[in-house]
Amino acid sequence: MNDLNDVQRNAVTATTGPVMVLAGAGSGKTRVITYRIAYLIRNEGIDPQNILALTFTNKAAGEMRHRIDTLLHRGSSSGLWVGTFHSVFARLLRNYIDLIGYNRSFSIFDTDDSKSLIRQSMAELNISHESVPVNTVQGMISRAKNSFILPSEFQRSAGDYNQQKTAQIYELYTKKLKEQNALDFDDLLIKPLELFNAHPEVLEELQGLFRYIMIDEYQDTNRAQYLVAKMLAKKHHNIFVVGDDAQSIYSWRGADITNILNFQDDYPDAQTFKLVENYRSTGNILHAANNVISRNQRQIKKELISHRDLGEPLTLIEASNERHEAERVGENIRLLRMKQSFEFRDFAIFYRTNAQSRVLEDTMRQHRIPYRIFGSVSFYKRREIKDAVAYLRFILNERDSESLLRIINFPPRKIGDVSLNKLREFAEEQDICLYDAILRAEDGGFQARLVNALASFSSVIERLKVTAEGGTVFEVLTELFDLTSIPLLLQAENTPESLARHENLQELLSMARDFSDHNPDAGSLGDFLENISLASDYQETQDTDNYVSLMTVHAAKGLEFPVVFVTGLEERLFPLNCYEAEELEEERRLFYVAVTRAEEKIFLSWAQSRYLYGQPQHCIKSLFISEIDSSIIQTEAGVLLSDRPEKERASSGLSSRGYQPKSAPPPALSAASGSQPKPSRQGMREGTMVHHAVFGPGTVVEVQGSGSKQKVKIRFRSAGEKTLMVQYANLKIVQ
């Protein structure tokens, strides 16, 4: 107990009734929850099997158990229930699931298994993948389950076309899972609720078993997790939650911040302890974090206090463009290593979206700075990038069968393995390459459906070859996206994964535009592909732990580094396209997470212009920079922002009145080509006839909102009703 400060000690020894520990970044959260478990076992004599500790990752569960075993004699924690929500609930279901019609030897379907069963359900219901993408369906079902919305309720509340079709699929998919005695990952969260509601005697038994319930990262719980925990804790009320509302950054995957904000309402007799003494960061870093997070309205007020000295001011990098920004990051890493003996492992570079890694990766390679990407793969190794590049390679070399096989079904053209094998046989018989076989498919005796699909593919290739003869790389890639509608298809899926893939393709388009602009005479498609080949051949450092870490801010949560660079601090990038108060507050929490990862030094960077969708765009400095006390931010030259002339600070968005965002965002960009859409959004109203690149012709039946958040509900002739964001849908008004 001597290892704990006063607040930590009080939280550990508060063993009766509901307790909430608000643990600020770097304040010893894991220490408190593990010491409390050890205290209950050793000092209070609680049997380990009466303690349930829930976490979100296997790594956190493993670390927790290791720490407890270290505090106690190894083996003293035997019988303790420690694990992730999914693993603990799966263990419970193995004992009781037969009561709700399943066999105890049930299978657990992973994501691919789940998608396969969804496809089967769609086929039986005659719902095409083109009208509702499988990933979209899976995402909607997952979100419904995490909110404990069962098929019948989902059916009643289904609004647009996607929701109505998903409701049908959800019902059949659920039936098929049960027929196969299988659960998907989300079922592991909701089946306990079904079990408890159907068999209250089971709930009563488990309430008696789990006298003490502890939940780590409570701010990340969804509704299903919240309900299970509340039901289990109802008898003894000994529920102990640890979390930080200021680090709630996962609403997009179901986390509900109201669970922690309303804990006192759920348990009026709860004790609350605020851990605000930070052992990680210097005073100036925490001062900056406190400045920004204090602007949020939906929060439990607290302010971090550093256990250390003030440290250095934050450094602001103001770059002309994203390439200059990356160069300044690389140069600062080089200088700090030279002057202060930092190792590469001491540096981390954060960005808001995965697509931003491309320019940073290029710079790291050019400067021979070893790096690793965390939470993703290197830009040039991402599937959608390799697919798009394969098109470009094939245009140059139509004998490249590897590239051909990669792109022939990207986007899907229903050309299966059997058809491809027949094509190969035809090519061998005629002693021609595979692409020539495609061009001569009418002579091969193939089915009309296959001939038409191959003709559609070859027409795209031939048009791209014509464009490549006299056009720039940017024009070729733009034509590719227009002809295939790949970016629009990814947008239509509307899942976090598909939108990230869409952003990566737009970054490739920006790279092509940058390359074309800087190589007006010698910038051939071959040169462009050679650069990509050299970059993709780079092997991230695997044989040493001395490298710079690159990652999104979401991937950085829970980590810490001596020196941190937070890049891309511009409006509409960080914060990312958010104009609603709740969205902006989550972006602010995300920035708070980024800043509090730093121990010694932090750099904030922004670019005055940046390629977006292949077009150079003027950027506005992020409002988060202006929310930080200007007396603790310095330029790279060492000048404090507070010492800048008032006129200069005002022009850069740092006036004494604070940053005032523009009332409207810049014009929307076409997702396919990067150009501004020709039709005006002003004419959108009920009855307007429009055309969508993927869904075809349709009629506007409802207009919702205005400005950048305007949505329209459209009844398409073939795809039914869909609700789209006008800003991104690239709709053409035809009447």
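- At a threshold of 4.5 Å between non-hydrogen side-chain atoms, the residues Arg501 and Arg383 count as touching.
- Checking Gln155 against Ser152 by side-chain atom types alone, no donor-acceptor pair falls below 3.5 Å.
- The closest donor-acceptor contact from the side chain of Thr34 to the backbone of Thr30 lies under 3.5 Å.
- Inter-residue side-chain proximity for Pro487 and Gln506 is flagged as met; some heavy-atom pair is nearer than 4.5 Å.
- Listed by chain and residue number, Thr258, Asp265 satisfy the side-chain contact (heavy atoms from CB on, under 4.5 Å) test with Asn262 (two or more places apart in sequence, or in another chain).
- Other residues, nucleotides and ligands contribute over 12 non-hydrogen atoms within 6.0 Å of the CD atom of Gln271.
- Here side chain to side chain donor-acceptor pair (under 3.5 Å) pairs that include residues 52-64, with residues two or more places apart or in two chains, are Glu63-Arg67.
- Under the rule for a side chain to side chain donor-acceptor pair (under 3.5 Å), the partners of Arg597 that lie at least two apart in sequence or sit in another chain are Gln247.
- Separation of atoms OG (Ser157) and CD1 (Ile149) is listed at 6.0 Å; rounding is to 0.5 Å.
- Residues Asp186 and Ser142 bring a donor and an acceptor atom of their side chains to less than 3.5 Å of each other.
- Within the 6.0 Å centre-distance limit, the rings of Phe85 and Phe56 are counted as a close aromatic pair.
- Take Lys176 and apply the side chain to side chain donor-acceptor pair (under 3.5 Å) test, not counting sequence neighbours, and it matches Glu124.
- Using a 4.5 Å heavy-atom cutoff, the side chains of Glu171 and Phe154 are not in contact.
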Item to check | side-chain hydrogen bond (donor to acceptor under 3.5 Å, both in side chains) between Lys414 and Asn409, worked out | outcome: CA-CA 7 Å; Lys414 296 182 178 179; Asn409 275 310; over 6 Å; no
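- Between Ile108 and Asp113, every side-chain heavy-atom pair lies at or beyond the 4.5 Å cut-off.
- Geometrically, Arg36 does not engage Tyr212 in a cation-pi contact defined by less than 6.0 Å to the ring centre and at most 45° from the axis.
- A donor-acceptor pair under 3.5 Å is absent between the side-chain atoms of Tyr267 and the main chain of His237, judged by distance alone.
- Geometric assessment of Arg91 against the ring of Trp81 yields a positive cation-pi assignment under the 6.0 Å and 45° thresholds.
- Residue pairs that meet the salt bridge (Lys or Arg N to Asp or Glu O under 4.0 Å) test with at least one member in residues 248-263, sequence neighbours left out, do not exist here.
- Glu204 pairs by the side chain to side chain donor-acceptor pair (under 3.5 Å) definition with nothing, not counting sequence neighbours.
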